[in-house]
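Notes follow once the structure below has been shown.
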Number of protein chains: 2
Amino acid sequence: MERKKITTIKEIAKVLNVSTSTVSRALNGHPGISPVTTDRVCKVAREQDYIPNRAAISFSKRRSYTLGLIVPEFSEPFFCSAFTAIENIASTHNYNIMIGQSYDDMETEIKIVKKFMNHRIDGLIISIAKKGSDYQQLSALEKLNIPVVFFDCVSDRTDIHFVASNLQAGLLKGIHELVAAGHHKIALINGPAALSASRQRLVAYVKGLKEHGIELKSDFIVATDLSREGNLSALNKLIELNDPPTAVVVFNDYVFLDCFGVLNSKGLKDLFQFISFGNLPDWGLFEHRPFGSIEQFPAEQGSIAANILIQLMNEMSVEEQAPVRCFQKYVDSDIIFFRDSAKVD
Amino acid sequence: MERKKITTIKEIAKVLNVSTSTVSRALNGHPGISPVTTDRVCKVAREQDYIPNRAAISFSKRRSYTLGLIVPEFSEPFFCSAFTAIENIASTHNYNIMIGQSYDDMETEIKIVKKFMNHRIDGLIISIAKKGSDYQQLSALEKLNIPVVFFDCVSDRTDIHFVASNLQAGLLKGIHELVAAGHHKIALINGPAALSASRQRLVAYVKGLKEHGIELKSDFIVATDLSREGNLSALNKLIELNDPPTAVVVFNDYVFLDCFGVLNSKGLKDLFQFISFGNLPDWGLFEHRPFGSIEQFPAEQGSIAANILIQLMNEMSVEEQAPVRCFQKYVDSDIIFFRDSAKVD
DNA sequence: TTGAAAGCGCTAACAG
DNA sequence: CTGTTAGCGCTTTCAA
């Protein structure tokens with residue numbers, strides 16, 4: 001059983017007694033081809049079920065029209081919406097996306113990059129979530145002048161393009177509301193210190209408190225390994241403080257769910273006001289919600305990253321030297337409030 | 001700014017004063033190339049950072065080593081895990097995946113298929129969720145002898161390959177438990193009649209009741225458009241019956257959440273025992289859970305579909321006529337129980 | 001064990 | 001406005 005051959009421009013050319021270049025140009029709406037010829041070519045193409053062979057086109061043009069996307073995991077709704085947004089932008093510009101899930105493992109990431117290089121991707125959007133990654137796995141791409149845009153991660157390097165969320169923006173609003181309701185003892189249940197996401201949250205928390213003139217208390221900052229046990233043990237540390245907080249900022253919605261679930265089952269559902277960094281798609285489905293959930297607009301971040309990458313890729317296909325500059329864009333987070341904050345006595 | 005050129009086998013050949021064919025063969029571990037030559041070639045390849053160009057390989061071999069995957073939407077955890085499973089199988093066999101989201105829209109589906117054909121995918125896994133689709137959009141693939149495996153959908157056609165979930169298996173168990181607890185008034189909140197998923201559920205429900213000797217009551221079968229309003233209005237229809245059910249099978253977890261949320265807020269959380277067709281990833285996160293949720297094993301379904309497709313694709317690359325037969329596989333669903341079923345008085 | 005040569009389908013100077 | 005020609009990087013007969 002063999003695959004059926006698909007009509008090629010050569011065959012169309014033969015039928016019409018013209019050259020393949022003419023067919024190619026006609027099919028691509030090139031100017032400098034007479035309307036009549038163009039019509040005839042297109043007609044035959046249609047009749048013969050001609051389907052352009054992108055593999056051949058890519059090969060010939062030495063561009064794959066494919067961009068790589070590496071994220072930790074698609075089961076996270078955050079990356080799912082980012083993907084969809086990127087996909088939309090990409091397809092408008094006739095780019096395809098090749099996907100890789102790293103599961104936060106650098107080995108896997110390296111494998112994916114290698115695979116992408118085999119495919120000669122024209123550019124890469126990547127969300128690295130590892131501590132102190134030196135991005136070595138990407139140096140190969142750098143060497144080949146293949147543009148890379150980082151996404152959902154912040155680095156101190158000034159020579160890389162990235163788009164990330166400004167976590168502080170949303171948190172600030174949340175703290176503002178809490179303060180307005182009389183809260184000034186606000187704790188943080190952060191993620192593992194190794195995660196850059198944790199460091200970002202810590203920075204945002206510290207800045208947020210500072211801007212509201214709230215003093216930082218070190219025992220208000222606890223960490224969880226994001227397991228259920230870790231979440232609850234972090235929660236307990238706060239509960240057991242002599243002077244416990246009245247509000248808690250948690251690493252993400254899952255942490256909130258664990259904490260709130262336990263408190264609720266003990267009849268303590270109003271013990272703390274919670275603010276979480278949002279990653280669940282639809283709180284409407286949940287019985288219990290935090291006071292506020294910080295929205296990081298993954299779709300918007302994805303769109304921006306995709307647009308940057310496309311611009312960079314276009315520059316790659318041009319003779320002149322591209323201007324030296326770096327796209328580094330922060331998308332302000334926001335916060336969505338789901339409940340009234342109980343006044344503090 | 002131009003992309004840097006990558007070493008080709010031609011260059012390696014020149015360095016070693018051998019022919020490109022020798023390099024090609026050496027690199028591919030061909031027999032009939034002396035070990036020494038092979039070593040020398042590989043060494044130079046490493047030194048020069050040789051990266052095989054899959055585009056060229058595909059082009060030359062007239063196989064893309066890419067398989068297409070079309071699903072309604074990746075934000076559904078069901079398809080997310082299916083994708084991951086398929087991806088795993090595919091990559092073991094050195095296949096890549098090209099992804100398309102149809103959003104249950106046939107126009108979009110057609111566009112995706114077209115795009116896939118441009119890329120000369122070697123095979124397709126597709127989950128169609130449309131009513132009475134005649135799969136016309138796939139006839140083009142059929143014409144070209146490109147194998148297609150349907151996934152998560154059932155069709156009466158005996159000439160297509162598919163893997164689907166046997167919804168009945170899990171539902172049967174669930175009904176069994178309900179009956180054991182004294183329930184015999186079991187209703188169904190189904191999805192839109194247009195969805196094949198709805199028809200499948202109805203069939204499973206009918207069979208399930210029958211096998212337990214429970215009489216079918218038409219007013220126990222209501223439908224929702226899957227909006228919150230639709231879900232609640234369906235629920236109300238059941239509540240308002242003169243002789244209401246004591247247990248309800250719902251279309252999926254989201255429907256359950258809506259229904260249960262309302263009942264709970266009215267202090268009626270034990271009015272019905274719910275069985276839902278599962279599509280949420282982790283009930284552990286939810287405060288309220290159904291009595292049982294039917295698991296459809298998307299990962300397993302995906303793996304099976306991928307394996308079937310790979311087998312079919314391999315047959316395509318072989319001279320002989322493939323045996324005429326059809327892979328049609330049902331994966332038994334199961335049910336996970338989250339609560340005790342309250343005894344019926 | 002290796003090489004020569006043709007070809008995969010299409011694009012893009014260059015030339016007319 | 002159109003044709004000629006060369007070539008993208010690799011595989012694969014066929015011949016040596």
Side-chain angles (χ1 to χ4, degrees), chain A residues 2-41 44-45 48-65 94 117-120 122 144 317-319, chain B residues 2-41 44-45 48-66 94 117-120 122 144 317 319:
Chain A
E2 293 232 309
R3 210 142 91 196
K4 227 196 89 189
K5 220 178 139 302
I6 298 179
T7 308
T8 68
I9 56 169
K10 207 170 169 183
E11 285 145 358
I12 299 178
K14 195 151 63 180
V15 171
L16 291 170
N17 245 317
V18 295
S19 71
T20 57
S21 11
T22 302
V23 176
S24 170
R25 288 191 269 246
L27 252 19
N28 291 301
H30 235 77
I33 290 283
S34 77
V36 263
T37 318
T38 305
D39 282 353
R40 289 174 63 218
V41 168
V44 175
Q48 312 252 338
D49 288 326
Y50 171 73
I51 306 169
N53 185 333
R54 275 199 85 113
I57 297 175
S58 295
F59 179 47
S60 170
K61 292 210 188 192
R62 267 143 301 169
R63 299 196 66 189
S64 63
Y65 297 99
N94 270 305
M117 306 241 315
N118 283 333
H119 280 271
R120 302 291 193 270
D122 293 329
L144 299 171
S317 58
V318 156
E319 290 289 322
Chain B
E2 292 231 310
R3 209 142 93 194
K4 226 195 90 189
K5 220 179 141 298
I6 298 179
T7 307
T8 68
I9 55 169
K10 208 171 170 182
E11 283 146 358
I12 298 178
K14 196 150 61 179
V15 171
L16 291 170
N17 246 318
V18 296
S19 71
T20 56
S21 5
T22 303
V23 175
S24 170
R25 289 192 265 246
L27 253 19
N28 291 304
H30 235 79
I33 290 283
S34 77
V36 262
T37 319
T38 304
D39 283 352
R40 290 173 63 217
V41 168
V44 175
Q48 311 253 339
D49 288 326
Y50 171 72
I51 305 168
N53 185 334
R54 275 199 86 109
I57 298 175
S58 295
F59 179 46
S60 171
K61 292 212 190 190
R62 267 143 299 170
R63 298 195 67 188
S64 64
Y65 296 99
T66 296
N94 270 306
M117 306 240 317
N118 284 333
H119 281 270
R120 302 291 193 268
D122 294 329
L144 300 171
S317 57
E319 290 290 323

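Quick note on labels: first sequence line is chain A, next is B, and so on, each numbered from 1.
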How long is the line joining [atom1] of [X] and [atom2] of [N], in whole Å?
X     : N      : atom1 : atom2 : value
B/L27 : C/dT2  : CG    : C1'   : 16 Å
A/I33 : C/dT11 : CD1   : C1'   : 13 Å
B/N17 : C/dG3  : CG    : C1'   : 12 Å

Base versus backbone protein contacts along nucleotides 7-16 of chain D [heavy-atom cut-off under 4.0 Å; B, S, -]:
BBBBBBB---
Would you say the side chain of [Y] lies within less than 4.5 Å of the side chain of [X], judging by non-hydrogen atoms?
X      : Y      : value
A/Y50  : A/I12  : yes
A/I33  : A/T22  : yes
B/R54  : A/M117 : no
A/R25  : A/V41  : no
A/L27  : A/V23  : yes
A/N118 : B/I51  : yes

If we ignore angles and hydrogens, is there a donor and acceptor under 3.5 Å between the side chains of A/T37 and A/S34?
yes
Between B/S24 and B/S21, is there a side-chain donor-acceptor contact under 3.5 Å, judged purely by atom types and distance?
no
Regarding A/V23, tell me which of base, sugar-phosphate or nothing describes its non-hydrogen contacts under 4.0 Å with the strands shown.
nothing
Hey, does B/T37 reach any base, or is it just sugar-phosphate, or nothing, if we go heavy atoms under 4.0 Å?
sugar-phosphate
How large an angle, rounded to 10°, do the end axes of the helix from C/dT1-D/dA16 to C/dG16-D/dC1 enclose when each is built from five base pairs?
40°
